Amino acid sequence: MATEAPDTPLDFIRQTVRDDLAAGRHREIVTRFPPEPNGYLHIGHAKSICLNFGVAAEYDGRCFLRFDDTNPVREDERYTASICEDVEWLGFEWGDRLTHASDYFDRLYEQAVALIRGGLAYVDHLPAEQIREYRGTLTEPGRNSPWRDRSVDENLDLFERMLSGEFAEGECVLRARIDMAAPNINLRDPTLYRIRHAAHHRTGERWCIYPMYDFAHTLSDAFEGITHSLCTLEFEDHRPLYEWFLDSLDLPHRPRQIEFSRLNLAYTVTSKRRLAELVNRGIVDGWDDPRMPTIAGMRRRGYPPVAIREFARRVGITKKENTIEMGVLEHAVRDSLNAVAHRRLVVVRPLRVVLTNYDAGTEEFVSLPNHPGDPEQGSREVRFGRELWIDADDFMEDPPRKFHRLKPGGEVRLRGAYIIRCDEVVHDADGVVVELRCSYDPDTRSGGSGSDRKVKGTIHWVHAPSAIPVELRLYDRLLRTASPVGGDAWLEDLNPDSLQVIAEARAEPAVLDFQPGEGMQFERVGYFTRERENGADGRAVFNRTVTLRDSWAKIEAAELG
RNA sequence: UGGGGUGUAGCCAAGUGGUAAGGCAACGGGUUUUGAUCCCGUGUACCGCAGGUUCGAAUCCUGCCACCCCAGCCA
């Protein structure tokens with residue numbers, strides 16, 4: 001497992017872990033990542049995965065991957081495979097520590113019985129609506145349920161009958177007997193077990209009562225010997241209940257819960273509920289749509305796992321609400337890709353160029369390095385001839401100042417080949433530029449004797465007869481606002497241009513050298529990766545991972561006012 | 001108006017009583033056959049506000065303000 005950039009100050013959780021170890025409070029650090037199998041993992045989970053698995057790895061401990069599957073009606077086996085795949089792809093290993101809360105259903109039941117025996121839990125026959133009313137409000141205390149003082153024997157009997165299926169869903173629940181006047185609402189006799197006559201994806205029909213999160217999660221932590229149970233801020237209020245279970249039961253270990261703030265990313269959504277909505281409404285392709293901030297989406301988009309790990313490291317761990325700018329993620333992605341991605345030439349919007357002084361009967365090969373900064377990565381031979389495509393953006397008939405690309409009468413270097421001059425602009429009947437007639441300077445071939453001649457610009461190109469048609473999918477932010485509003489209104493802030501399909505791009509054939517997931521840079525355009533499925537008429541499809549930094553865009557905006 | 005949290009530059013984030021790290025962004029400049037990369041440089045951060053303690057406070061105390069979370073038989 002890679003451990004990146006060591007010289008970061010320790011966050012407050014790692015400081016605690018380090019101190020606990022130094023004080024001899026634990027022999028070994030044990031953490032856990034506890035996803036509910038009801039959706040795909042996203043960038044926020046990635047932060048938690050990097051924290052939990054990262055801390056375990058850094059302190060020679062262990063981390064469990066535990067599915068929190070206590071609610072059969074919400075969860076589905078089909079999500080577990082993707083979750084495993086995502087964690088693994090991110091670069092982490094759980095070894096033999098793949099568990100499920102449902103693995104502990106028997107032990108959980110025993111502990112519930114223990115609570116009843118201790119007079120600390122009771123079966124409540126109040127309907128759900130009444131329970132809510134009896135709970136009180138944020139500012140007023142709750143009231144005791146009329147069933148709160150049943151005898152231990154009666155509760156034992158009733159709980160067993162709940163288990164045996166004697167009651168209908170909603171007829172009764174098992175509740176902890178704590179304090180209905182507690183200022184912390186989580187302590188007002190929280191529900192421990194509810195009845196669900198539903199098959200569980202792992203335990204089948206064996207159970208019809210299922211434990212609630214607080215009970216199952218705390219005890220699972222204790223069973224597994226978790227030393228540091230790291231969760232997000234919204235569970236801070238639950239910590240007293242977590243402690244109550246640990247105090248009330250005879251358990252093999254005493255884990256400690258520590259909360260940190262969840263990750264928010266600007267211009268996207270990072271809640272499972274909202275991501276599911278995008279999928280269900282058909283706004284995106286699926287959970288792994290490259291626009292989605294899901295791990296699967298980022299993988300398909302071409303983000304390397306190391307970039308995500310580095311991103312998680314850079315944003316840090318604190319208890320402060322935060323919204324991270326996309327630039328941080330994008331920078332991490334570019335940074336990791338820049339070093340390793342091979343370069344290729346691809347023209348996005350093809351404009352025909354004819355080199356009028358180049359012999360129509362011949363062609364040649366020019367050598368282009370796979371990586372300009374690293375000769376070790378080799379080079380490739382690229383076909384060159386009289387007819388080429390260049391990007392329409394690289395020509396302007398009436399350009400602003402500082403435009404270093406091609407213009408009438410102007411010169412530009414073709415990357416890795418020759419300097420050309422634009423002699424004539426051909427228009428169609430509507431006045432649209434359809435072809436450039438240029439002449440090349442034979443002395444200026446890259447690597448040749450006259451190649452040191454300087455021109456202001458260098459542009460990319462492809463050899464027209466041998467170029468292959470490819471489809472490009474250009475992705476942009478999902479939202480047009482940085483922080484989506486609450487409720488359903490955020491759907492109105494969706495960016496209508498989050499996907500732009502370029503059906504008729506032209507590429508040098510060597511773009512086919514790479515597998516989906518491997519990153520390459522289309523020079524001057526951006527980083528791309530191959531899409532698994534081909535597009536129309538079988539042509540290769542490439543997803544844009546991220547653009548290159550574009551300082552021209554700013555200059556252009558300034559020049560054009 | 002109950003309880004639990006959080007406030008350090010545009011966004012993150014170190015700092016744990018001795019005089020405010022770092023990253024991203026932004027803005028200059030250099031190198032460059034990618035307007036990329038790379039390299040240099042640029043920020044007076046009223047440390048939420050107001051008092052107090054101290055020789056000395058982002059760090060300690062008091063009071064206030066702002067924002068976030070909690071009333072599932074969800075996790």
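Naming convention: chains lettered A, B, ... in sequence-line order (proteins, then strands); numbering from 1 in each chain. What you see is a predicted model; the values in this text were computed from it and never measured. Both backbone and side-chain heavy atoms feed into the values below; hydrogens, waters and symmetry mates do not.
Taking only side-chain atoms of Lys320(A), from C-beta outward, the nucleotide of C70(B), U8(B), G35(B) with the closest atom is U8(B). Side-chain proximity of Lys402(A) to the nucleotides G35(B), U34(B), A75(B) is greatest for G35(B).
By the rule that a glycosidic angle within 90° of 0 means syn, G72(B) counts as syn.
Within 4.0 Å of Arg314(A), counting heavy atoms only, lie sugar-phosphate atoms of the nucleic acid but no base atom. Within 4.0 Å (heavy atoms only), Pro141(A) reaches no atom of the nucleic acid at all. When heavy atoms are screened at a 4.0 angstrom cut-off, Ser261(A) is found touching no nucleic acid atom at all. Using a 4.0 Å heavy-atom cutoff across all strands shown, His404(A) reaches at least one base atom of the nucleic acid. Heavy atoms of Thr137(A) sit under 4.0 angstrom from at least one base atom. Ile195(A) comes within 4.0 angstrom of nothing in the nucleic acid, heavy atoms only. Base contact: Phe235(A) has a heavy atom under 4.0 Å from a base atom. Using a 4.0 Å heavy-atom cutoff across all strands shown, Arg74(A) reaches at least one base atom of the nucleic acid.
At least one cation-pi condition fails for Arg175(A) and Tyr122(A): the charged atom is not both under 6.0 angstrom from the six-membered ring centre and inside a 45 degree cone around its axis.
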